[in-house]
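Let me begin by presenting the structure, written as C-alpha cells, before commenting on it.
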There are 2 protein chains.
Amino acid sequence: MSIRDLARHLNISIGTVSRALNGRSDVNPETRRRVFEAAAAIGYVPNQSGRSLRQGTTNSIGFVVETNSETSLYGDTFFTSVYAGVQQVFARHHLDLIVLLCPFDQDPLEHLRRVVSRRFVDGLFISAIQRRDPRIDHLIESEIPFMALGRSLSGGTHPWIDLDFAGVAHASIHRLVERGHRRIGLVTAGSELNLGYVFADGYREALAAEGLSFDPDLVIRAETSEMGGYDAVDRLLKLPERPTAVLLVNEIMAIGVYRRLHEAGLTPGRDMAVIGFRDSPQSRFLSPPLTCFRIELSGLGRRLAEGLLATMPAYRDQHPIGLVQEIWPMHLVAGESDPPLR
Amino acid sequence: MSIRDLARHLNISIGTVSRALNGRSDVNPETRRRVFEAAAAIGYVPNQSGRSLRQGTTNSIGFVVETNSETSLYGDTFFTSVYAGVQQVFARHHLDLIVLLCPFDQDPLEHLRRVVSRRFVDGLFISAIQRRDPRIDHLIESEIPFMALGRSLSGGTHPWIDLDFAGVAHASIHRLVERGHRRIGLVTAGSELNLGYVFADGYREALAAEGLSFDPDLVIRAETSEMGGYDAVDRLLKLPERPTAVLLVNEIMAIGVYRRLHEAGLTPGRDMAVIGFRDSPQSRFLSPPLTCFRIELSGLGRRLAEGLLATMPAYRDQHPIGLVQEIWPMHLVAGESDPPLR
DNA sequence: AAGAGCGTCGTAAACGTTTACGACAACACA
DNA sequence: TGTGTTGTCGTAAACGTTTACGACGCTCTT
C-alpha cells in the first residue's frame, strides 16, 4: 500500500498525489479532495521511513529519561503531566513525542550518543541535568536541537527551563522563620544533579537573608528515595542540637522522614516541621498533609515544547520567541506539616 | 557521512562495506576488520531511515502506555523495572525499546491505529488491557507482532502474560481467614480494566473455598488512586456491619485507605486489616508496613520480551518457545497491616 | 495575434541502505 | 587441461517518498 498504488487507483501521477497530501498550493482543489478521499478509502498512510529518508527528518522528538533512581528525582505523575503539555503543542505540528529510556546499566552519555548518531529523532529533551553535564556539550557539538529540563553549571547558549529551587528554599526558610524556627535542616539530592546544589545554595542564601547562621551539620545529602529521607532524619536526630524544622528536595523522601520520626516517637509537624517539594496526591495524603510547592506541570511541558521548537528552523517562524532560558515558578501549598513553633 | 563516503575512503564498493558491517560471511576477514576500523575512525553510523526503507523493519519495539490515571494501575517504579528487563533481552538483538505515550485526551484505539499504520515500530507491547479490548482485535487484524501485559476476555491466539490476581485474592483470603477474619471487603479497579474483574472473581471464588458467604456490599469498585482508596473505605465504614479486613487492588490506594481510617480514629491493621497489591518502597514505608505481594518485575520484562520475539519471524529461531500465554506469579510479603483478629 | 503569466500536472532524480546476481580468481580434482 | 567449487567482491535494482524542473493549456494583456 504505497503512494504508487494510490496514484494508480486515481489515474494521476505520484508527484501530484504527494503534493496534494502535503498541502502544496500547486494542485487543483478538486484533485486534492479526490486524493484525500481515496487515501481514506483504501487506508493509505505515508511510510515514515521513505519520508524520513527523503527529507532527512523523522517528525518525532525524543524525551530522554533516566531510569536510575539516583538521578530521577520525580515520581511518575511528574513526567506524565509534563508529557501531556508537550503533546498539546506537538499535536499542532504533527510531531510525535517518544520516550527514550536510558538503561540503568548504561552510561547516559553513551546512550545519548547512540540516539543522536542514529538520527532517530529531530530533537531532544533531556532531564536530570548534572552539575557538569557532558551530554550538553555533546548535543551542542552535534548540532541537534534540544531543550534541557534543568540547567548545568556550564550554562552555554542552549535552551533550558529550570525549576525554581532557589525560590523554594527562600520561601520555605522565610515561612519557617516567621513561624518561630531558628534551626532548620536541609535534605538535598546526594547525586550530582545540579538542582541539589542550587537548592543548597538557595538554602544558604536564605539563611543569610534571615540573619541565621549556617551550620554544615544541618545539610544532609541523600538519595532521593523513601530510604534516603529515612536515613537523613536518622542523622539529624543524632545531632547534639536537633533542628526544629527540615526542608526536603522531594516528596518521596517525606515518606521516609515521617516514618523515621514516628519510630523515634516523634510526630511530624508537631515535633519537627517538614516542608517538601513537591505537591502531589501523595503529599496531600500524608498525615499530616505536607506543606509543599505546586508546579503547573502541563504548562511547563508546553513551554518546554515551545522553547525547543523555537530553536528548530522548520518551526521557528511559528514560535517567534528567543532563546528560552527560564526559571519556572512554584507556588506554596500550605499543608499541616509546619505549624508555628510552640 | 553515508556508507558511500566510507566505501570511497576504503576504496571498496558500498556493497562490500554493507556486508562487512552486517556480519555476512562472504567477506574477507581482513576486509571486515578494515571496514570496522574505518567506520569507527570517521564516526560512521548507518542511517536508520535508509535501512528501514530497504528492509521494511525499524529495529525498534514500542511500549504503549496510557497516561490516563483511570487506566494506569501501577506507579512509576513498576514500569521502570519492567522496561529494564525488556531492555536486557533486546540488547542482545540490537533492538531499541521506545515508549509511546497515548495522550490522555485521545482514544487509545485511535492512537494505536496511528502507531501501527505509520509502521513506526516492528512490534508492540500493550498494557492496561480492558475487559473487551478493541486494540487487540486491531493488532491481530493488522498482523503486527505484539505482546499484551494482561489478558482480555476475548482471549484469542495472541501472546499475553497476566499477573496472578486470582492467586493474590486466594492467598489473601486464605491468610485472613486463618487469622480469624470472616468479613472481608474488596476494593478493586472501577474502570474497565480486566484485572479488576479477575480480582473480583478470584475474591468470590476464594470466599466460597473458605466457606464464607459473598456480600456484594463488601465489593467496592474505585478509582486506582489515593482518593479512590479513601472513598472506598469511607463507604465500607458506613455499612451497618463493617468488614474487619480489606483487600486492595493496588498500593496507591492504601495511602488513602490509611488516611481515611486515621480520620475515623481507627488504626490500620489493628482496627481493620489491610492487604494490598503490590510490594514497593511505598508499601514498606507505610505505618504499619503493608502486607502485599511482590513481583519479580525485571523477570517479567524479560519474559515479555521473549514472548514477543518468539512471534517475530526474524527472532523466532533464537527463542524457540511456543505461544506465551502465562500467569505471572506473585509472592506474599508479610507486613504488619494484617495481624490476627483479636 | 503574439507573448506573458498562471494554474496544474507529469517526469525523474535523489535520500541511504540492503541484497540478488553475476564476475572473477584461485584452487582442487579427475 | 578442463570442469567444478569456493571465496571474495562489484553492480545495480529496489524500498517509498519528496521536490526541482519542465511541459502543457488556458487566460489576459497590449
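Here is how names work: the chains are called A, B, and so on, in the same order as the sequence lines, proteins then strands, and each is numbered from 1.
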Using a cut-off of 4.0 Å on non-hydrogen atoms, how would the nucleic acid contact of A/Ser18 be classed: base, sugar-phosphate, or nothing? base
Just by distance, no angles: are the side chains of A/Thr16 and A/Ser13 close enough, under 3.5 Å, to form a donor-acceptor pair? yes
Can a donor-acceptor pair be found between the side chains of A/Asn194 and A/Ser152 at a distance below 3.5 Å?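 The criterion, which ignores hydrogens and geometry beyond distance, is not satisfied for A/Ser152 and A/Asn194.
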Interatomic distance where [atom1] belongs to [X] and [atom2] belongs to [N] [whole Å]:
X       : N      : atom1 : atom2 : result
A/Asp26 : C/dT11 : CG    : C1'   : 14 Å
A/Tyr44 : D/dG16 : OH    : C1'   : 7 Å
B/Leu21 : C/dT19 : CG    : C1'   : 14 Å
A/Ile14 : D/dT17 : CD1   : C1'   : 8 Å
A/Arg19 : C/dG7  : CZ    : P     : 14 Å
A/Leu53 : C/dG16 : CG    : C1'   : 5 Å
B/Arg4  : C/dT18 : CZ    : C1'   : 12 Å
A/Asn47 : C/dC15 : CG    : C1'   : 13 Å

Would you mind checking if A/Glu37 and A/Arg33 are paired as a salt bridge, meaning a charged N to carboxylate O distance below 4.0 Å?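 Between A/Glu37 and A/Arg33 there is a salt bridge, with a charged N closer than 4.0 Å to a carboxylate O.
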Does a nitrogen or oxygen in the side chain of A/Asn28 sit under 4.0 Å from OP1 or OP2 of C/dG7? no
Side-chain N or O of A/Thr16 versus OP1/OP2 of C/dC9: is the shortest distance under 4.0 Å?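 A/Thr16 to C/dC9 OP1/OP2: no side-chain N or O under 4.0 Å.
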Criterion side chain to side chain contact (heavy atoms under 4.5 Å, CB included) against A/Ile129, the qualifying member of A/Ile136, A/Leu153, A/Leu149: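 The option that passes is A/Ile136.
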On a plain distance test, is the side chain of B/Arg54 in donor-acceptor contact with the base of C/dT18 below 3.5 Å?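 Answer yes: a donor N or O sits under 3.5 Å from an acceptor.
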On a plain distance test, is the side chain of B/Arg119 in donor-acceptor contact with the base of D/dG16 below 3.5 Å? no
Minimum-distance nucleotide to A/Thr31 side chain [options: D/dC9, C/dT18, C/dC9]: C/dC9
Of the candidates D/dT18, C/dA20, C/dT18, the side chain of A/Arg51 sits closest to D/dT18
Has the side chain of B/Ser52 got a donor or acceptor atom that lies under 3.5 Å from a matching backbone atom of B/Gln48?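 At least one qualifying donor-acceptor pair exists.
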